[in-house]
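Just so we're on the same page: letters track the sequence lines, and every chain starts at 1. As the structure is a computational prediction, the values presented were derived from the model and not from experiment.
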Amino acid sequence: MMATRVELGTLPRRRRWVNSLTRHVVALGGGAVIVAIALIFFYLLWVVAPIFAGADISTGRVYDLGVTEPLTLDVNESDEIGLVFDTPGEIVFWQLADGQVKHRQDLGRTLKTVKSVYPDGATYAVVDTQGELNIMHASYPISFEGDDRSIGARIDYLFSDLWIELGDVTDFDVYYHDTDMYVAHLAGRTLTLDRYRDVEPGFELDEPRTRTLRLDRKYDRVLFGPRGQWLYLTDHNGSVAMFEITRSGQLNALYQRDLIPGTATLMALQPLLGRYSLLVADDQARLAQWFVVRGEFGLSLERVRQFTLPADVKEIAPEPRRKGFAAVDQSGDVHLLYTTSERLLASHPAAPGSRLSVISPRSDILLTATPDGRIHSYTLRNEHPEISLSALWSEIWYEGYESPVYSWQSSSADNDFEAKFSLTPLLFGTFKAAFYAMLVAVPIAIMGALYTAYFMAPVMRRIVKPGIEIMAALPTVIVGFLAGLWLAPLIEANLSAVILAFFGLPLVIVLLSLAWQKLPGSITTALDGWYGLLVVPFIVLSVWAAFSAGPVFEHVVFAGDAKRWFLNTLGLNYDQRNALVVGLAMGLAIIPSIFSIAEDAVYGVPKHLINGSLALGATRWQTLIRVVVLTASPGIFSAVMIGMGRAVGETMIVLMATGNTPIMDMNLFEGMRTFAANIAVELPESEVNSTHYRILFLTALVLFVITFAFNTAAELVRQRLRSRYGNL
Amino acid sequence: MLHSKNTNLKTWVTSGELWIWLNAAAVGISITAVGGLLGLIAVRGLAHFWPADVAAIHYESASGVAAYALGEVVETESLLLDQYRSATGDTDDFPADVEVIERSLIKTGNRRVDPPDFQWIYSHRIASIGYPDEAAVFERMEWGNAYGVLEKVLFDGSVVAEADTAWTEFHMRLERVETLREAIARIERGEFNTINYALEQIRIERRRLELDTTLTDAARERSEAALRSQTDALTVRYTLAETDLAALIEDLQRDAIEITISTGATLTIPFADVVRGWQPNRMSVIAKLKHYFFSVWLFLTDDPREANTEGGILPAIFGTVLMVLLMSVLVTPLGVVAAVYLREYARQGAFVQLIRIAVNNLAGVPSIVYGVFGLGFFVYFLGGNLDALFFEAALPAPTFGTPGLVWASLTLALLTVPVVIVSTEEGLTRIPRSIREGSLALGATKAETLFKVVLPVASPSIFTGVILAVARAAGEVAPLMLVGVVKLAPTLPLDGNFPYLHLERKFMHLGFHIYDVGFQSPNVDAARPLVYATALLLVLLIVGLNLTAIMLRTRLEDRYRGVES
């Protein structure tokens with residue numbers, strides 16, 4: 001110790017400097033690489049974390065715009081401008097950021113009701129106290145002056161300034177899409193539907209075609225259903241009737257039921273985005289989601305889920321872009337909820353007497369009006385409400401489904417689509433693919449390893465082992481391509497031959513080993529250790545024979561068509577790219593990994609154990625099974641774990657050799673979608689930091705954790721094995 | 001007799017001979033599968049380039065009309081009579097002894113003129129098959145091969161050669177066209193590319209001036225004037241190049257050939273569309289071999305055509321090699337430093353052991369996970385921030401904030417670093433203490449021992465690790481799909497424009513090429529042979545790299561055998 005210090009002290013400065021520099025660079029570099037590796041895990045976690053972060057509501061500004069008895073509030077697309085209609089007929093636009101009024105317009109009429117036109121945003125149906133209706137459209141032109149963006153605001157009559165006479169109506173609703181506009185209104189027991197065809201903004205409306213219907217009872221509200229396909233009529237007792245709107249504009253009664261149990265009363269009712277669902281609140285602090293289910297006997301409304309809130313809900317404001325909503329209760333609290341994930345996300349006290357709640361298109365602002373004519377804003381932080389543990393892993397009753405299902409369907413062309421983010425079918429698919437691959441790979445790899453390590457002639461082993469190991473490096477894209485474009489059509493055309501080969505091959509081997517007994521001892525001894533090569537021609541021959549005999553076999557056993565037989569007899573559907581193809585191809589791809597480690601473990605069994613066993617009179621086979629395999633079993637186990645890890649994470653083979661449909665079915669003849677393939681397919685198209693993006697990261701994290709766990713288990717077992725061999 | 005047979009069977013069962021045979025069969029299956037796989041790729045990949053004979057087939061069509069087809073026989077298969085009947089709806093009587101019907105798939109080409117370009121012909125319908133000498137194949141730039149008989153060579157619409165002299169004239173003119181085509185390519189890819197690149201740089205520079213608030217008006221005016229004059233100069237250059245190009249293209253359009261196709265119609269193909277033409281039935285084996293190797297050469301050195309289903313794969317080879325080179329430049333120092341730290345500098349204990357296990361396990365983490373990390377962290381996080389800091393002028397178009405070469409290399413470096421670490425550490429472990437201690441005892445510092453003694457002795461393991469890393473990286477596709485690979489890169493990441501190596505560009509890759517052409521292309525049948533050929537190339541590359549690793553290890557091990565034991 002002393003001596004070392006003296007010696008270093010006498011080193012020339014340059015050498016000392018180099019020495020310490022090297023130490024620092026190496027420590028820094030080594031540390032950096034290790035940190036970089038750890039970073040993978042923490043970065044994935046960091047991206048995933050926000051989806052479980054929850055939501056909150058905070059009080060924003062109060063705007064005093066000088067309006068009296070506001071009728072409707074709204075926020076523009078970019079969440080910058082607020083809009084209010086008030087009873088004296090004034091429309092005010094103001095900047096949400098600073099409360100500054102942008103534009104004021106007086107309609108010169110006293111208004112009774114203002115409603116958003118369904119499904120078009122920024123379009124409003126206005127009814128005055130005379131019972132006259134007009135449609136107005138708000139627009140927000142954006143202009144640039146150099147780099148400075150400024151936004152304007154204006155409101156116009158959508159068609160013309162001619163008002164439509166509705167009369168004294170209880171309620172009305174307007175549907176406007178493309179060139180069609182429907183106006184439905186209720187007056188007493190009369191339901192009227194006016195259809196305007198070929199409407200065009202800026203042009204006067206033609207006379208509508210009108211249908212009226214006498215109802216058998218009184219209703220209070222009328223609402224268009226999705227795409228104007230039907231009408232909902234509701235009354236204050238919570239009774240709902242649905243009327244179909246036929247192509248010709250006829251109204252047919254479809255369905256009727258009470259959404260509130262007898263003793264309770266209805267507090268609030270609002271449709272959810274897309275209008276397949278109705279949110280119904282009663283006076284027992286319950287809020288239920290009902291939606292339309294297409295069953296055997298036509299449409300019906302089903303109660304899908306129910307929330308219990310601290311107090312009775314008096315108002316519901318659905319989110320304009322998602323299947324969530326805000327609810328204001330009697331005690332003056334506002335709550336954020338989400339249907340798919342069944343979550344109560346956040347609660348916050350609102351200004352007393354809040355009403356007319358509306359959520360902005362980007363779901364980050366909530367506006368309410370108080371009786372004094374002021375408008376209150378609340379900031380919502382609610383990025384990923386659609387996710388909860390149950391939404392990810394349990395069966396969920398999605399809109400339009402007959403019953404709860406596991407489903408992965410991340411996107412659709414529709415705006416009012418309910419994203420289905422169940423990871424269960426993907427997890428199932430991942431393990432289905434891995435299962436079939438392991439079914440192929442484990443027996444072949446382990447039996448092959450036993451033979452190679454224990455029986456094979458050393459000369460042959462020196463070639464076979466590295467030969468099979470090099471196959472581990474074969475790009476999986478090549479295996480996948482062959483599986484998808486060569487193997488899949490081949491198996492489809494020769495299904496019966498494949499089945500025949502599966503049963504025939506072992507039979508041929510049994511016969512071969514029997515015949516081998518009959519050969520003179522000199523030959524069998526000389527060729528001992530070369531069995532592995534000797535069987536190759538027999539394998540090739542029997543596969544060839546199976547393919548030749550396939551059609552005949554198919555004729556005899558499967559009545560001429562194997563695929564039809566499986567479908568009719570066993571109810572198994574056949575896809576060209578299926579689990580069988582994946583099992584064979586991925587099995588082939590993971591054989592080398594399993595083989596290599598298992599072979600090492602078997603080969604490493606101390607020779608004196610084997611010799612001892614043989615000396616005691618055990619046959620080679622008995623020694624192998626009772627001594628060698630037993631001793632090497634941890635190594636074999638770790639080989640299987642490593643193989644499993646590879647099978648779970650393999651991407652290209654599954655991507656190319658299955659149809660990638662996220663179904664849950666163990667059927668050998670149907671495909672699956674795995675985590676890895678799902679990431680490869682969907683991540684490039686996914687919007688950065690969206691819920692979908694984060695869920696894909698979550699699946700990557702799940703894959704990481706699963707494979708890391710398998711590999712760690714394998715590694716620990718292997719280390720124990722090493723010390724055991726050391727002791728023997 | 002019975003007794004002896006019984007004991008025989010009994011000894012056979014207890015000896016476990018059957019099980020041994022079954023185990024041997026497992027090895028046999030592995031060998032067969034490996035061999036079959038490689039054989040399949042090799043045969044299909046290599047066969048594609050062979051100039052197959054062109055068959056002229058007179059047959060009776062399904063409707064009973066006499067028909068004529070000219071093309072290559074791609075494959076022949078047999079159908080059971082039942083299958084044949086259900087496939088064709090043919091109810092004709094066959095002799096009682098006929099059980100199977102043969103049919104051949106003929107590639108008749110002439111896509112767009114005489115569809116479809118592949119057709120099945122049943123053997124029993126064939127009246128005669130001939131291999132006429134004059135039948136020729138013309139590889140076209142578009143729409144695949146044309147099959148027919150060369151009748152005339154035209155120049156400016158008038159016939160310059162006919163019949164016997166046509167082929168001599170054809171080859172002569174093709175050479176001229178070849179030179180023209182090269183000149184066009186030079187302008188399009190060289191001059192135009194350079195000008196466009198320079199113009200883009202000027203646009204970005206202008207934007208940078210706009211964003212720079214510190215500039216005085218005078219300085220701004222000066223810089224802008226300079227940019228304006230540069231733009232003007234480039235515009236002039238562009239106009240000149242455009243004129244040249246127009247002249248060349250016009251020149252190219254002047255020659256044409258006229259061929260008679262199987263329907264009897266005449267097809268005029270401008271030389272601009274002709275890649276090659278040959279008469280396989282007239283060729284000797286040596287000529288065919290020459291043609292074969294030339295085809296392979298074209299495949300390796302040409303650009304892809306027709307949505308990657310024809311032509312060559314040069315950009316994919318180039319992209320793969322460049323990406324792998326960059327990756328090895330990144331991975332080698334990182335891996336070696338990490339291994340040296342873990343083995344030589346870090347205090348050995350439970351923590352280092354834990355890290356070692358973690359590193360080992362990372363080699364087993366699915367590659368797609370690295371791709372996800374690369375996309376999120378490198379591309380969006382690092383790249384996005386780089387853009388915001390240094391390439392603000394180019395925004396909103398991302399420079400580094402989009403998948404590209406550098407991110408792909410980094411991702412793969414991260415993916416393969418465990419391979420290098422594990423291999424290097426293995427090498428370091430095997431060096432006996434005595435060697436290190438000898439060096440230290442002679443007065444060398446730890447660093448000197450490391451550089452002069454330890455690393456040289458461990459070099460075989462380091463090389464092996466790097467080569468294995470390269471082999472793994474060359475075959476990975478899944479992560480690349482997320483971080484930088486594209487089906488068709490308009491520009492190579494390496495060109496004549498400063499800074500020559502464009503790390504932010506997207507690139508093509510052999511493995512992705514296989515996936516893309518095999519699974520995403522509209523005409524998979526036509527593209528399949530090329531996919532096999534590409535697959536063969538990739539297999540050869542990777543098996544070659546692995547064998548090199550093995551050989552290198554053995555050789556260097558021999559050299560240092562003395563010190564290791």
Given heavy-atom pairs under 4.5 angstrom as the criterion, report whether the side chain, backbone, both or neither of B:I31 touches chain A. side chain
Just so I know, are the side chains of B:R44 and A:W486 near enough to count as touching, which here means a heavy-atom distance under 4.5 Å? yes
What part of B:I20 is in contact with chain A, defined as an atom under 4.5 angstrom from a non-hydrogen atom: side chain, backbone, both or neither? both
Quick one: does A:Q517's side chain get under 4.5 Å of B:E17's, heavy atoms only? yes
In terms of heavy-atom pairs under 4.5 Å with chain A, the winner among B:V372, B:V369, B:V365 is B:V372
Between B:I550, B:L538, B:V543, who has the most heavy-atom pairs with chain A when the cutoff is under 4.5 Å? B:L538
If you count heavy-atom pairs within less than 4.5 Å of chain B, which of A:I446, A:V540, A:L683 leads? A:L683
Checking heavy atoms, do the side chain of A:I468, its backbone, both or neither come under 4.5 Å from chain B? side chain
Over 12 non-hydrogen atoms of neighbours within 6.0 angstrom of CH2 in A:W516: yes
Of the listed residues (A:V47, A:T476, A:L512), which shares the most heavy-atom pairs with chain B below a 4.5 Å separation? A:L512
Whether B:F381 and A:W46 hold their rings parallel, tilted or perpendicular, with breakpoints at 30° and 60°: perpendicular
Nearest heavy-atom neighbours spanning B:N546 and A:A473: ND2-CB, 3.3 Å
Does any heavy atom of chain B fall under 4.5 Å from the side chain of A:L588, the backbone, both, or neither of them? side chain
Any idea which heavy atoms bring A:V477 and B:G511 closest together, and the distance? CG2-O, 3.4 Å
Using 0.5 Å steps for rounding, measure from the OG1 atom of A:T452 to the CG atom of B:N23. 9.0 Å
Can you tell which of B:V337, B:V340, B:I29 has the highest number of heavy-atom pairs within less than 4.5 Å of chain A? B:V337
Against chain B, label A:L624 side chain, backbone, both or neither, depending on which of its atoms sit under 4.5 Å from a heavy atom there. side chain
Contacting moiety of B:I355, where chain A heavy atoms sit under 4.5 Å: side chain
Minimum side-chain heavy-atom gap B:E344-A:V26 below 4.5 Å: no
For the pair A:N19 and B:E448, evaluate side-chain contact (heavy atoms from CB on, under 4.5 Å) and give the outcome as yes or no after the intermediate values. CA-CA 7 Å; A:N19 191 33; B:E448 285 160 353; over 6 Å; no
Side chain, backbone, both or neither: which part of A:I679 has a heavy atom under 4.5 Å from chain B? both
Select one option (side chain, backbone, both, neither) describing which atoms of B:I542 are under 4.5 Å from chain A's heavy atoms. side chain
Measuring from atom OG1 of B:T32 to atom CZ of A:F538, what distance do you get when rounded to the nearest 0.5 angstrom? 12.5 Å
Can you tell which of B:N361, B:L362, B:I357, B:N360 makes a side-chain contact (heavy atoms from CB on, under 4.5 Å) with A:N711? B:N361
How close do A:A680 and B:I368 get, heavy atom to heavy atom, and via which atoms? CB-CD1, 3.9 Å
For B:L545, is it the side chain, the backbone, both or neither that has a heavy atom under 4.5 Å from a heavy atom of chain A? neither
A:A36 and B:L414: which non-hydrogen atoms are nearest, and at how many Å? CB-CD1, 4.3 Å
Is it the side chain or the backbone of A:R23 that comes within 4.5 Å of chain B heavy atoms, both, or neither? both
Relative to chain B, which segment of A:F708 carries a heavy atom at a distance below 4.5 Å: side chain, backbone, both, or neither? both
What residue in A:L482, A:L534, A:I591 has the most heavy-atom pairs under 4.5 Å with chain B? A:L482
Tell me, side chain or backbone of B:V417 under 4.5 Å from chain A's heavy atoms, or both, or neither? side chain
Smallest separation among heavy atoms of B:G475 and A:P475, with atom names: O-CB, 3.6 Å
Residue B:Q520 versus chain A: region with a heavy atom under 4.5 Å: neither
Do you know which of A:L505, A:V479, A:T22 has the most heavy-atom pairs with chain B at a distance under 4.5 angstrom? A:T22
With only heavy atoms counted, which part of A:W530 is less than 4.5 Å from chain B, the side chain, the backbone, both or neither? neither
With rounding to the nearest 0.5 angstrom, report the OG to CE distance, B:S30 to A:M471. 10.0 Å
Counting only heavy atoms closer than 4.5 Å, note whether B:A358 contacts chain A via side chain, backbone, both or neither. both
Do A:T651 and B:P366 come within less than 4.5 Å of each other through their side chains, counting heavy atoms only? no
Counting only heavy atoms closer than 4.5 Å, note whether B:Y532 contacts chain A via side chain, backbone, both or neither. both
With only heavy atoms counted, which part of B:I421 is less than 4.5 Å from chain A, the side chain, the backbone, both or neither? side chain
Measure A:L655 against the heavy atoms of chain B and call it side chain, backbone, both or neither at under 4.5 Å. side chain
Which one wins on heavy-atom pair count under 4.5 Å against chain B: A:Q719, A:M656, A:M652? A:M656
Tell me, out of B:Y370, B:F451, B:F373, who's got the most heavy-atom pairs with chain A below 4.5 Å. B:F373
Greatest number of heavy atom pairs closer than 4.5 Å to chain A - which of B:A549, B:A338, B:G376: B:G376
Return the option, out of A:L39, A:V543, A:L44, with the maximum number of heavy-atom pairs under 4.5 Å with chain B. A:L39
Given heavy-atom pairs under 4.5 angstrom as the criterion, report whether the side chain, backbone, both or neither of B:F519 touches chain A. side chain
Which bit of A:E469 is near chain B, if near means a heavy-atom gap under 4.5 Å: side chain, backbone, both or neither? neither
Rounded to the nearest 0.5 angstrom, the CD1-CD1 distance for A:I478 and B:I41 is 5.0 Å
Name the region of A:Y693, side chain, backbone, both or neither, that has any atom closer than 4.5 Å to a heavy atom of chain B. side chain
Proximal component of B:V531, with respect to chain A [non-hydrogen, under 4.5 Å]: both
Determine whether B:T445 and A:R16 make a side-chain contact, defined as any pair of heavy atoms from C-beta on separated by less than 4.5 Å. no
For the residue pair B:W21 and A:Y531, categorise the inter-ring angle as parallel (less than 30°), tilted (30 to 60°) or perpendicular (more than 60°). parallel
What are the two closest non-hydrogen atoms of A:I444 and B:A26, and how far apart are they? O-CB, 3.4 Å
By a 4.5 Å heavy-atom criterion (distance strictly below it), what part of A:M644 contacts chain B: side chain, backbone, both, or neither? neither
Is there a side-chain contact (heavy atoms from CB on, under 4.5 Å) between A:Y43 and B:F378? Walk through the geometry before answering. CA-CA 11 Å; A:Y43 181 75; B:F378 291 141; over 6 Å; no
Quick check on B:Y345 against chain A: is it the side chain, the backbone, both or neither that has a heavy atom closer than 4.5 Å? side chain
